[in-house]
Amino acid sequence: MDAVPLADGEPAGQQPLTEVEVATYIVAAAVWAPSVHNTQPWWFSAAGQELSLHADAGRQLKVADPRGREMMISCGAALFTARLALRSLGYVPRTSVLPDPGEPLLVARLSWQRRAAAAGYEQRMYSQVRRRRTHRGGFDPVPIPLDLVALLQEGAERDGAMLRIVRNAGNRAVLAAAVQTAERSLQLDGMYARELAGWATPPGSARRDGVPHTAYSARPEFTLPDFPGRDFARGHRWGAAESSRSAAPRSAGLVGILATAGDRPADWVNAGQALQRALLTGATCGVAAALHSQPLERAGLREFLRTQLCDGAYPQLVLRLGTATQTAVSVRRTPASVLFASGGEHLTISHE
Ligand SMILES: Cc1cc2nc3c(=O)[nH]c(=O)nc-3n(C[C@H](O)[C@H](O)[C@H](O)COP(=O)(O)O)c2cc1C
C-alpha cells in the first residue's frame, strides 16, 4: 500500500482513537477476510500500538490441509485486511511476517505510529471488505477489461505472488478437468467428507463460522468448461433458492491461478495477501470471484498444475473472475471472540 503523507500534525479523523479502539477496529475488519470453509483460523493479541495475528491450529483442516497451507493463505488474507484497516484510519502499518521462527503460528506483527492519509484506491478497497462475497456459479458472458487484469496481476506481484491467467481454451479445459477430478475424488474420500460436513452448517444453525446454506445455491450452476463447486449440501436439500438460475451452462469467467515462486509458510501468507488484494480490487470494479482449491488438496493434481500450467511455480488457489448477480450471505465470529490482550484476557473498549 502506498502512503501519501499528511501535513505535520494533521489529524486523520475527528477524535483520535485509543489503542484498544484501533485494535478492535482492525480486527472487526480483518475477520471479514475469506478463509477456507470459513474456518476463520485466526486470533489476535494486542499490546499498546501493536497487534499480533496468530494462526489457530485448532481450526486447521487436518485432512484437506495437513501442512496448514490454506490456513496460512486465510491468515494472509486477514493480514492484508488488517493493514488496509490501518490505512483507512490514516496510519502507515509496519508489518513483520512470521517474525519468530520459534513461533510458527505467529503469522505477523503489525504496529502503527506514522500517519499518512489513505489513497483513494485504498479507501475504495476498504469499502468492499464487508460487502465482498465468494461467488459460486457461472458469470455473465462479459469480458473483464484488460486494464483491470493488468492491475490484478501487478497487485499480486506487489505481495510476492503471481496471478497467471489461463486464456488458452485447451488449458482452461485442462484446469477445469483438474477441478472436476479433484472434486470427485474428494467426495469419495470418507475422512475428507466428514471434515467438510463439520464446516457446512445446516439451515437454522446459530454458528458464526463455517459455510452457511445462504452462501451457495440449492441448484448448482454449470459453467463452460465446468468448474464444479464444493458439495457443501451433501445430498441435503440445502442452499439458497434462486428462481432466476438458468439450466443452460454459463461462462466460467476469466480463469487464473494464484501462484508463488516458493512453497513455504511465508509464500502462503503472501498468497493470502495477494488473494485479498485481488478480491477487493475486483469488487471495487463490480467483479466477483469464485475460488477453487479442490485440485490443490490432492498432491498429484497440484504437482500436475505446477508443471503444466504454472511453469514450475507453486499453485496456491484457482480463481474465476467475472460479473454476476450475487446474493450470498456469509457469517463471521465477533471481534470480541478473537481479540485478546497480550496477557490472554478479553479486551474491552473504553469509551472515555
Ligand atoms: C485458501 C482458501 C480456499 C478456498 N477454497 C474454496 C473452494 O474450494 N470453494 C469455495 O466455494 N470457496 C472457497 N474459498 C472461499 C471460502 O469458502 C469463503 O471465503 C468463506 O466461506 C467465507 O465466505 P465469503 O468469502 O463469502 O465471506 C476458499 C477461501 C480460501 C481463503
Side-chain angles (χ1 to χ4, degrees), residues 29-42 55 59-61 64-65 67-81 107 128-138 161 175-176 178-180 182-183 185-187 192 195-196 198-201 207-217 220-221 223 227-233 239-240 253 257-260 265 267-280 282-283 288-298 301-302 314-321 324 326-333:
V31 295
W32 284 99
S35 63
V36 62
H37 297 358
N38 202 16
T39 47
Q40 304 169 44
W42 47 60
R59 291 174 165 269
Q60 180 183 343
L61 302 175
D65 183 32
R67 295 171 71 200
R69 188 183 63 81
E70 294 184 86
M71 174 178 75
M72 288 309 221
I73 295 176
S74 307
C75 287
L79 174 60
F80 183 84
T81 319
V107 177
Q128 296 299 321
V129 164
R130 288 167 173 81
R131 287 188 202 148
R132 175 214 60 80
R133 290 278 82 80
T134 297
H135 181 64
R136 297 183 174 94
L175 187 52
V179 173
Q180 293 160 21
E183 181 55 33
S185 119
L186 292 170
Q187 284 184 23
Y192 166 85
E195 184 175 68
L196 178 70
W199 291 102
T201 50
R207 270 176 62 175
R208 302 185 75 140
D209 57 7
V211 181
H213 75 112
T214 48
Y216 52 90
S217 168
E221 210 169 41
T223 61
F227 283 81
R230 301 263 189 183
D231 185 16
F232 293 114
I257 303 178
L258 192 64
T260 49
D267 301 299
W268 305 335
V269 175
N270 285 347
Q273 294 214 71
L275 170 68
Q276 180 67 326
R277 185 195 290 271
L279 296 179
L280 294 174
L291 309 181
H292 295 272
S293 46
Q294 303 107 312
L296 310 179
E297 291 174 359
R298 285 295 192 234
L301 282 170
R302 185 168 186 236
Y314 292 86
Q316 304 295 355
L317 207 56
V318 175
L319 285 86
R320 295 184 295 111
L321 300 162
Q326 282 200 278
T327 53
V329 177
S330 194
V331 290
R332 290 298 190 278
R333 291 181 293 159

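Counting starts at 1 for both ligands and their atoms, following the listed order.
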Shortest protein heavy-atom distance from atom 27 (O) of ligand 1, along with the residue and atom involved: R332 NH2, 2.7 Å
Identify the closest protein heavy atom to atom 23 (O) of ligand 1: which residue and atom is it, and at what distance? S330 OG, 3.3 Å
Give the single entry among E70, R136, Q316, R230 that approaches atom 17 (O) of ligand 1 most closely by any heavy atom. R136
Atom 30 (C) of ligand 1 - nearest protein heavy atom and its distance: V36 N, 3.5 Å
Looking at T260 and A161, what are the two nearest heavy atoms and their distance? CG2-CB, 4.0 Å
Identity of the nearest option to atom 26 (O) of ligand 1, non-hydrogen atoms only, from L279, T134, L186: T134
Do Q316 and R302 pair up side chain to side chain, a donor and an acceptor below 3.5 Å, judged on atom types alone? yes
For atom 4 (C) of ligand 1, which candidate among A33, S293, A215, C75 provides the closest heavy atom? S293
Tell me which protein heavy atom sits closest to atom 21 (O) of ligand 1, plus the residue, atom name and distance to 0.1 Å. N38 CB, 3.4 Å
Donor-acceptor pair between S35 and Q40 side chains, under 3.5 angstrom: no
Using the test side chain to side chain contact (heavy atoms under 4.5 Å, CB included), find all partners of R130 that sit at least two apart in sequence or belong to another chain. A28, A29, W32, Y126
Can you confirm whether the side chains of T223 and R320 place a donor and an acceptor under 3.5 Å from each other? no
What atoms of ligand 1 come within less than 4.0 Å of a heavy atom belonging to S74? 31 (C)
As an exercise, identify every atom of ligand 1 less than 4.0 angstrom from a heavy atom of P34. 19 (O), 25 (O), 31 (C)
With distance as the sole criterion, is a donor-acceptor pair present between the side chains of T134 and R136 under 3.5 Å? no
Which protein heavy atom lies closest to atom 9 (N) of ligand 1, and at what distance to 0.1 Å? L291 O, 3.0 Å
Against ligand 1, does R132 come closer than 4.0 Å with any heavy atom? yes
Look at the aromatic rings of F227 and H292 and report parallel, tilted or perpendicular, splitting at 30° and 60°. tilted
Should you measure from each heavy atom of S35, which atoms of ligand 1 turn up under 4.0 Å away? 16 (C), 17 (O), 18 (C), 19 (O), 20 (C), 29 (C), 30 (C), 31 (C)
Set of ring-ring contact (aromatic ring centres under 6.0 Å, His included) partners for Y314, sequence neighbours left out: none
For H292, the atoms of ligand 1 under 4.0 Å from one of its heavy atoms are 8 (O)
For the side chain of Q276 and the backbone of G76, is there at least one donor-acceptor N/O pair under 3.5 Å apart? no
